[in-house]
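Quick caveat: nothing in here was measured; it's all calculated off a predicted structure.
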Amino acid sequence: MVNIVISIVQRYKLLKEIPLFKNVGWYPLQRIARRVHIIEFKKGEIIRKEGDPPDALYCLVSGRVQAYSGAGGGRRKTDVEFYRRGMPFGIISFFTNENHSSTYEAINDSTIVKIDKADFEDILKFMPQLGVELSHSLSTQLRSRMLPTKENVEHRIIAVYSPIHQTGSSTYATNLALELEKQTHRKVILVSINPVDKNQPAMANDDAAPFWLKPPVALRDIADNYEKLQESIVRGQLNVDMLNVVFEAGDQVLVESISHFVTTLVSDYHFAIVDLPTEKDMIVVKTLTQSDVVHLLTKDKPDDLKAISLMITELTDRMKENFNPDFLKVIVTSNEKIAPVNLSEISHEIDFPVYARFPYINPEGLNTVLNCEMLTIRLPWPNSPYAMEVRRIARQISGVLVGLALGGGAALGVAHIGVLRVLEQEKIPIDMISGSSMGALVASFWVTGKDSQGLEILARDFEKKSEMIRLLCDLVISPAALIGGKKIVRWLKSRGLEGKTFYDTRIPLKIISYDILRREELVLESGSLADAVRQSISIPGVMEPVRMKDRWVIDGGVLNPLPTNVLLQGGAKKIIAVNVLQSPEQVMKGYLEEQRQNAVDDQVTFFSSPKKYLMIKIGRFFARLFNPNVSDIIVRTLQASEYVIALESARSADVVIHPDLSYINWYELDKVEELIKRGEQAARAALPQIRKMLEE
């Protein structure tokens with residue numbers, strides 16, 4: 001915090017920028033200017049704490065402030081509100097004379113007008129209309145608390161930067177801005193910042209980077225001038241507004257104005273995407289530290305990773321206690337001709353988690369050209385891997401993530417394939433997925449490249465008796481289970497999960513397992529996918545638990561058969577849940593059908609059909625011999641309780657898909673076609689609900 005000593009004229013100019021004083025005449029505003037203090041707060045500094053006395057009125061000249069309760073003694077921030085340029089704050093305490101009920105923190109370097117309470121009371125004696133204006137602001141704030149609106153959300157500055165040449169950062173910034181507007185229908189501005197002497201390369205036919213057609217504006221001329229800034233913004237040519245500016249390298253005066261510049265932008269826009277140059281000038285660094293999020297792009301070569309690691313260290317050191325790991329998103333770009341490095345290795349190399357990987361943009365896939373007076377850009381095919389990844393990131397930023405929960409159910413989980421087929425065909429966006437038991441198995445293959453057709457081919461392995469015998473011939477001498485599980489792990493790896501980790505998924509995946517020693521749910525999000533699936537499908541009484549140091553891990557469905565909770569924790573706002581567990585009504589339908597079939601079989605005699613008669617008798621002999629068995633009793637008991645748990649979990653979902661899987665037993669993996677068909681039918685029936693959810 002620094003008290004700024006400036007002239008009466010300068011204070012007068014600052015007050016004119018605050019709406020509260022816009023109708024005040026020259027003479028009374030001069031009198032007010034003599035009574036105010038101008039204070040600068042650095043990003044992260046506390047202006048007033050919860051419980052502090054109401055000593056003054058505060059108005060924000062530039063920067064941004066957040067107000068919140070809690071955040072002390074391990075508490076989380078609650079009742080968060082955001083204040084932008086020109087807004088007064090702390091007025092509830094000011095009027096009620098009660099201690100502040102919120103803590104006020106500078107989100108950016110901020111300039112604040114402070115009027116001591118005694119001084120403001122004197123001002124009201126000759127300017128009573130200010131009290132009316134202030135009461136209007138108070139009523140607006142109270143109304144927004146009682147009836148929250150979409151406007152009471154945090155506006156965000158997203159800086160896109162790479163210290164490495166040709167990573168596609170400008171391409172990404174432009175695509176991200178366009179996709180954010182498309183997904184949110186909110187105001188978005190794309191800001192391109194470059195040093196004045198940087199030459200823009202000629203546009204090539206295979207170039208996805210934006211090509212600016214009009215000369216840029218000098219950043220120094222508009223950084224502190226709101227009117228000139230507004231005049232320089234290009235509106236109405238694309239769905240996003242645009243601003244192209246340049247700066248003189250090493251301009252220290254401009255460095256001090258960067259916070260004012262970016263926060264002025266974000267006062268008028270929900271999202272400001274700032275595309276920064278490769279050059280690491282102080283203006284670039286200052287913009288990075290004043291942003292809400294930095295998307296840091298890198299290639300996967302050793303030298304590039306070293307440069308990124310140094311950049312992460314520099315930002316961490318500069319921001320100190322204000323640095324939050326969520327502030328920084330590392331994105332790896334791929335080269336078509338070089339096999340991509342494993343993302344786990346990259347994360348280890350830079351000692352920071354990788355947020356996303358961008359696939360190579362095929363020049364042949366740049367099939368859409370956007371032209372306007374300001375710029376030209378070639379966009380990738382909307383369903384290309386690159387476009388889909390940008391879309392997912394935009395949806396995550398804007399808080400409209402769609403999560404899909406695939407529940408457990410042993411063989412019944414094959415129905416998930418039918419659901420996924422419909423979601424694919426109808427192009428329903430899925431941004432995050434969770435799975436328990438068979439749901440985890442299906443999800444892991446789906447997010448690593450297999451579509452529903454590929455999943456069906458995998459499932460048809462179970463129709464082959466030879467394959468089933470091979471997988472089940474993994475008997476163990478153990479009181480815990482019949483099957484060891486090693487052959488199933490080999491099968492998982494041989495079908496596509498060999499060497500795959502959670503970093504290799506195209507969307508975030510969360511797999512659920514259960515530690516029976518601690519009675520603790522485990523949410524698996526890193527490491528080997530095959531090992532994670534093995535843990536989650538360890539059905540008690542059927543497959544041996546996974547022993548890990550001091551843990552015994554079993555089927556995740558025991559505790560969480562429909563994992564909607566982990567999607568909510570991961571930021572999903574709209575959830576589709578697929579519950580394949582049979583309801584009591586469906587179980588009864590199956591039982592009655594079995595009784596009906598037994599009655600029909602009882603009518604078969606040896607003389608009418610000797611072969612059929614013998615088959616029925618032999619079948620019933622073995623049924624009596626092996627039923628009931630321990631595994632069947634355990635699974636049926638578990639599924640009865642899991643269904644009750646799943647019903648409760650489904651309450652967190654916006655849409656629940658529940659296929660009718662009557663007449664199918666939990667172990668009948670050979671009924672692939674019927675299970676997939678029923679999954680499709682249930683998903684198609686739910687499409688109207690899904691579309692309505694997406695539109696809300």
Side-chain angles (χ1 to χ4, degrees), residues 17 62-64 82 84-86 108 150-151 153-161 169-194 200 203 208-247 257-277 283-284 287 290-295 368-379 387 390-391 393-395 397-400:
E17 295 183 20
S62 68
R64 287 179 302 161
F82 302 97
R84 296 181 292 280
R85 178 179 176 272
N108 297 91
K150 289 185 177 180
E151 291 306 313
V153 296
E154 182 182 4
H155 293 209
R156 308 194 78 186
I157 306 162
I158 302 171
V160 178
Y161 175 68
S169 57
S170 293
T171 301
Y172 168 58
T174 309
N175 279 270
L176 179 62
L178 292 168
E179 197 61 48
L180 272 171
E181 190 283 329
K182 183 178 178 181
Q183 295 297 331
T184 65
H185 305 294
R186 288 180 171 174
K187 292 184 68 177
V188 180
I189 186 168
L190 171 65
V191 184
S192 176
I193 301 180
N194 281 297
Q200 181 177 219
M203 188 174 191
F211 186 80
W212 294 89
L213 300 172
K214 284 195 171 183
V217 178
L219 179 55
R220 196 177 201 202
D221 293 342
I222 64 173
D224 286 320
N225 191 315
Y226 183 75
E227 288 74 22
K228 283 188 177 181
L229 172 59
Q230 295 301 309
E231 291 171 3
S232 302
I233 295 172
V234 177
R235 301 176 175 86
Q237 295 189 10
L238 294 179
N239 291 333
V240 303
D241 292 348
M242 294 167 285
L243 179 62
N244 187 18
V245 298
V246 291
F247 63 88
S257 301
I258 286 298
S259 177
H260 182 85
F261 169 65
V262 294
T263 55
T264 299
L265 286 173
V266 88
S267 294
D268 298 326
Y269 294 89
H270 288 95
F271 299 103
I273 309 302
V274 184
D275 178 21
L276 292 167
I283 290 169
V284 173
T287 306
Q290 291 300 308
S291 298
D292 298 308
V293 182
V294 172
H295 288 196
T368 302
V369 180
L370 283 182
N371 285 312
C372 65
E373 293 180 13
M374 192 68 178
L375 61 73
T376 294
I377 183 171
R378 293 183 173 88
L379 300 178
V390 173
R391 189 176 308 132
I393 292 172
R395 293 172 65 79
I397 291 169
S398 54
V400 293

Exercise. Val266: what forms a side-chain contact (heavy atoms from CB on, under 4.5 Å) with it, not counting sequence neighbours?
Worked result: Arg64, His155, Ile157

Problem set entry | Stepwise side chain to side chain contact (heavy atoms under 4.5 Å, CB included) test for Val188 and Asn239 | CA-CA 8 Å; Val188 180; Asn239 291 333; over 6 Å; no

Exercise. Passes side chain to side chain contact (heavy atoms under 4.5 Å, CB included), Val234 versus Lys214? Steps please.
Worked result: CA-CA 11 Å; Val234 177; Lys214 284 195 171 183; 5.9 Å; no

Problem set entry | Beyond-backbone contact of Ser398 with Arg186, side-chain heavy atoms, under 4.5 angstrom | no

Exercise. Under a 4.5 Å cut-off applied to non-hydrogen side-chain atoms, are Tyr269 and Ile233 in contact?
Worked result: yes

Exercise. Which atom pair, heavy atoms only, marks the closest approach of Leu180 to Ala394?
Worked result: CD2-O, 3.5 Å

Seminar exercise, completed: Sorted by chain and number, sequence neighbours left out, side-chain contact (heavy atoms from CB on, under 4.5 Å) with Lys182 holds for Glu179

Problem set entry | Taking every non-hydrogen atom, the tightest pair across Val240 and Ala177 | CG1-O, 3.4 Å

Problem set entry | Reported CZ-to-CD1 distance for the pair Arg235 and Ile189, which is rounded to 0.5 angstrom | 7.0 Å

Exercise. Atom CG in Leu238, atom CG in Leu375: separation rounded to 0.5 Å?
Worked result: 5.5 Å

Exercise. Any sub-3.5 Å donor-acceptor pair from Lys228's side-chain atoms to Asp221's backbone N or O?
Worked result: no

Exercise. Roughly how far apart are Leu265 CG and Ile222 CD1, rounded to 0.5 Å?
Worked result: 7.5 Å

Exercise. If you look at every heavy atom in Leu213 and Cys372, which pair is closest and at what distance?
Worked result: CD1-O, 3.2 Å

For this session: For the pair Glu373 (side chain) and Gln237 (backbone), establish whether a donor and an acceptor sit closer than 3.5 Å, ignoring hydrogens and angles.
Result: no

Exercise. What distance do Thr287 atom OG1 and Ile258 atom CD1 have between them, rounded to the nearest 0.5 Å?
Worked result: 4.0 Å

Problem set entry | CD1-CG distance between Ile273 and Leu243, expressed to the nearest 0.5 angstrom | 13.5 Å

Problem set entry | Ser259: side-chain contact (heavy atoms from CB on, under 4.5 Å) partners, not counting sequence neighbours | Asn108, Asp109, Thr263, Gln290

Problem set entry | Verdict with reasoning, Trp212 to Met374, per side chain to side chain contact (heavy atoms under 4.5 Å, CB included) | CA-CA 6 Å; Trp212 294 89; Met374 192 68 178; 3.6 Å; yes

Exercise. Can you check whether Leu379 reaches Leu178 side chain to side chain, under 4.5 Å on heavy atoms?
Worked result: yes

Exercise. Would you say His270 and Glu181 make side-chain contact, with heavy atoms under 4.5 Å?
Worked result: no

Problem set entry | Non-hydrogen side-chain atoms of Asp241 and Asp268 separated by less than 4.5 Å | no

For this session: Could you pull out the closest heavy-atom pair between Leu276 and Ala159, with the gap in Å?
Result: CD1-CB, 4.0 Å

Exercise. Mind checking whether Val284 and Pro277 have side chains closer than 4.5 Å, heavy atoms only?
Worked result: yes

Seminar exercise, completed: OG1 (Thr264) and CG (Asp224) are apart, to the nearest 0.5 Å, by 8.0 Å

Seminar exercise, completed: All heavy atoms of Pro216 vs all of Val246, minimum pair found to be CG-CG1, 3.4 Å

For this session: Determine, stepwise, if the pair Thr184 / Phe271 fulfils side chain to side chain contact (heavy atoms under 4.5 Å, CB included).
Result: CA-CA 10 Å; Thr184 65; Phe271 299 103; 4.1 Å; yes

Problem set entry | Glu231: salt bridge (Lys or Arg N to Asp or Glu O under 4.0 Å) partners, not counting sequence neighbours | none

For this session: Might you point out which heavy atoms bring Val217 and Ser232 nearest each other, and give the distance in Å?
Result: CG1-OG, 3.8 Å

Problem set entry | Contacts of type ring-ring contact (aromatic ring centres under 6.0 Å, His included), residue Phe261, not counting sequence neighbours | none

Problem set entry | With Glu227 via side-chain contact (heavy atoms from CB on, under 4.5 Å) - residues at least two apart | Asn225

